[in-house]
Amino acid sequence: MEAIENKALAPEEEIDLRQYLRVLRRWLWLIALCTIIAAAAAYLVSVKVIKPVYRAQVSLMVEPRASSSGVLQYQDVLAGERIARTYAEILKSRPVLENVLIRLGFPPDIPENELPFKPSVQAVRDTQLIRVSVESLDPKLAADAANTLAQVFVEERAKSQAERFNTLKASLEAQLAKIEEDITRISEQRGKVQDPEDARNLDQQLISLRDMRTRLLASLYEIQLSEAQYTDLITIVERAEVPERPVRPRKLLNTVLAGILGGMLAIMVAFLLEYLDTSIKNPEQIEALTKLPVLGSIFEFESNPRGERETYIPMEHPRSHSAESFRVLRANLEFLSVDKPVGALCVTSPGPEEGKTSVALNLAIAMAQGGKKVALVDADLRRPKVHQILELTQSPGLSEALIARAPVEKYLKPWGKNLLVLTSGRLPPNPADILASQRMGELILELRDMADIVILDSPPILACADTVFLGKHADGLLMVAEWGRTDRSAFVEAVERARQGGLRVLGAVLNRVKLPSKGYYYYYYYSDSSEKKPWWKKLFRKRRKRKVREELLEGEAKGSF
């Protein structure tokens, strides 16, 4: 038993691509609406709310210092890349930023979150380049800040590197100056001395001082050479220009992304609603849940407003696809009952307002148009509707015929060709007892003798026990479900109740199915031009209905049977 239940639910659980497409097509309006709203909102926010931000860029290059050999080596290049990354971090430091603020005329103590511009520094990978970007609401300020930041950094690094050698060079230069003074002084004394011994001493001192001067000059040269070798050369490769267009917000990108996100959200909501929706949406669900054949799918007749759905469509709109749906149902019932003809058919539904009366009435009209003599009985003695739709008097009718035990011909009302209608009559206090009575069976037998088929519009099977009692007098039961409204569990319960009551459930009818797409063959071959007329022509709908009514009354006078 468990295996059978799992097998029955398999088509519902294994949703194929066509079911996904049906869901998307059904909720296409929501997806389109959410996409348009999200895209429009993003565009308006980008234009009206978000202020445009401009970006200016300047590029710096760190040239690596050569090795002691004077030739640029591979390790010198790697060192230059590391130095570039180090300098990129130094460029972000607060002291550098404060100097830039001062040069641009801003207070140096501005907090980070209140800066008039926002700098960002990045060392370009595998190069010795440093890219400095500055964003600001003012395009000119962005360019000025970028150039100033680069210039301040170049100057500060040059000053910092020069300071390492300035002290030593100053000491050597001072010593050289002192030696030059001593050489000049001793040279003057040598010119005045006549004594050979004194002259020889002064000459010796001059030689010693000149030798010391030579050594100091060599040391100074070596220091200057070291300064040139160990100093990084930082140059501005490309200066920043005033940007013409903002980098943010990206209106087109924001609009497209918001539209996509809105559409995806709508799709998620659509599939969530479909998952939570337990109503019947296609014939496959009925067949999988109950093993019943779906004998017909009745398309919704959109020309009628909600309150006028239940009308005689096959007669008033014979070329509509809704009317063709009833003719297909008529043909399926005839093929289904070839071996065992159905003389009395009970039409019901799980709950109220699911269209059972409309199906019973229009099926009766379709069969009458097909040449069969049909007796339509309004056996819903709780909420009858047949007399309202056909504009007939409610009483006398079924209840009077059952109580009076008079011939049923007395209470029948001819309607059109080949159709007799037995309205409900006055509503009794005990409808279940009346429908379960022996007299009800006798009345149905009388109608079967008079007509080819008797169609009984019975109450909803889950609402009361009337249908179970009434169905025992019929040859079969037709279960009606409304598309998108009848709950699957309720439909299964209704079928089980009918089967437990010993009734023969012939099949199911899916009522008020949404109109198919234009690619569907029903639309092409069975569409009614009256359904596509402008709204002002629909104002004459009631007038046409009265005209049809008058023609039917004329037919009654001639006799339909």
Side-chain angles (χ1 to χ4, degrees), residues 310 342-361 363-364 374-390 392-413 419-451 453-480 490 493-506 508-509:
E310 294 160 340
V342 177
L345 176 65
C346 187
V347 180
T348 186
S349 62
E353 303 297 332
E354 293 177 337
K356 63 174 183 61
T357 300
S358 176
V359 171
L361 171 61
L363 176 61
V374 183
L376 174 62
V377 180
D378 191 352
D380 189 348
L381 300 182
R382 299 177 185 269
R383 297 178 63 183
K385 289 185 179 179
V386 172
H387 67 282
Q388 297 176 358
I389 300 173
L390 299 181
L392 299 173
T393 56
Q394 180 178 357
S395 181
L398 176 61
S399 58
E400 288 81 5
L402 293 174
I403 295 173
R405 292 185 173 272
V408 71
E409 293 92 337
K410 179 181 177 182
Y411 303 95
L412 291 175
K413 301 176 179 64
L419 179 60
L420 288 175
V421 180
L422 181 60
T423 56
S424 62
R426 290 179 298 174
L427 302 184
N430 55 343
D433 297 337
I434 292 180
L435 295 176
S437 64
Q438 181 179 356
R439 172 56 186 158
M440 185 67 198
E442 295 173 355
L443 185 145
I444 292 177
L445 289 176
E446 294 178 19
L447 292 174
R448 292 171 69 134
D449 292 337
M450 299 173 57
I453 186 170
V454 179
I455 297 179
L456 305 168
D457 178 23
S458 60
I461 192 169
L462 295 181
C464 56
D466 301 11
T467 301
V468 177
F469 296 138
L470 182 63
K472 296 182 181 297
H473 304 303
D475 297 326
L477 183 141
L478 196 62
M479 190 71 68
V480 177
E493 183 181 355
V495 174
E496 290 300 320
R497 178 172 294 187
R499 288 171 174 170
Q500 291 173 2
L503 306 184
R504 178 192 174 197
V505 184
L506 299 177
V509 175

Using 0.5 Å steps for rounding, measure from the CG atom of Leu462 to the CD atom of Glu493.
5.0 Å

Ser399 side chain to Arg426 main-chain N or O, any donor-acceptor pair under 3.5 Å?
yes

Any idea which heavy atoms bring Leu381 and Ser424 closest together, and the distance?
CD2-O, 3.6 Å

Does the side chain of Thr357 come within less than 4.5 Å of Val386's, by heavy atoms?
yes

So how far is it from Ser358 OG to Ile389 CD1, rounded to the nearest 0.5 Å?
6.5 Å

Closest approach of Ser349 to Glu354 (non-hydrogen atoms, all atoms of both residues)
CB-OE1, 3.4 Å

Any side-chain heavy atom of Thr393 within less than 4.5 Å of one from Thr423?
no

Is any side-chain heavy atom of Cys346 closer than 4.5 Å to one of Thr467?
yes

To check you understand the geometry: which heavy-atom pair defines the closest contact between Ala474 and Leu456, and what is its length?
CB-CD1, 4.3 Å

Where the side chain of Lys472 meets the backbone of Gly501, is there a donor-acceptor pair that is under 3.5 Å apart?
yes

For the CZ atom on Arg499, are there more than 12 heavy atoms of other groups (residues, nucleotides or ligands in this structure) within a distance under 6.0 Å?
yes

Using only atom types and a distance under 3.5 Å, with no angle test, would you say the side chain of Asp380 pairs donor to acceptor with the backbone of Asp457?
no

When every non-hydrogen atom of Val505 is compared with those of Ala498, the smallest separation belongs to CG2-CB, 3.8 Å

Polar side-chain atom of Ser458 near backbone of Val347 as donor-acceptor pair, under 3.5 Å
yes

When you look at Gln394 and Leu427, which way does the side-chain contact (heavy atoms from CB on, under 4.5 Å) test go after all the steps?
CA-CA 10 Å; Gln394 180 178 357; Leu427 302 184; 3.8 Å; yes

Nearest heavy-atom neighbours spanning Pro396 and Lys413:
O-NZ, 2.8 Å

Distance check, rounded to the nearest 0.5 Å: Ile434 atom CD1 versus Leu398 atom CG?
8.0 Å

Tell me, do Thr348 and Met479 make a side-chain contact under 4.5 Å, heavy atoms counted?
yes

Which atom of Leu447 lies closest to which atom of Ala375, heavy atoms considered:
CD2-CB, 4.3 Å

Distance in Å, Leu422 CG paired with Ile455 CD1, rounded so as to fall on 0.5 Å steps
13.5 Å

Measure the spacing between CZ of Arg439 and NE2 of His473 and express it to the nearest 0.5 Å.
11.5 Å

Going from CD1 on Ile461 to NZ on Lys356, what distance comes out if it is rounded to the nearest 0.5 angstrom?
12.0 Å

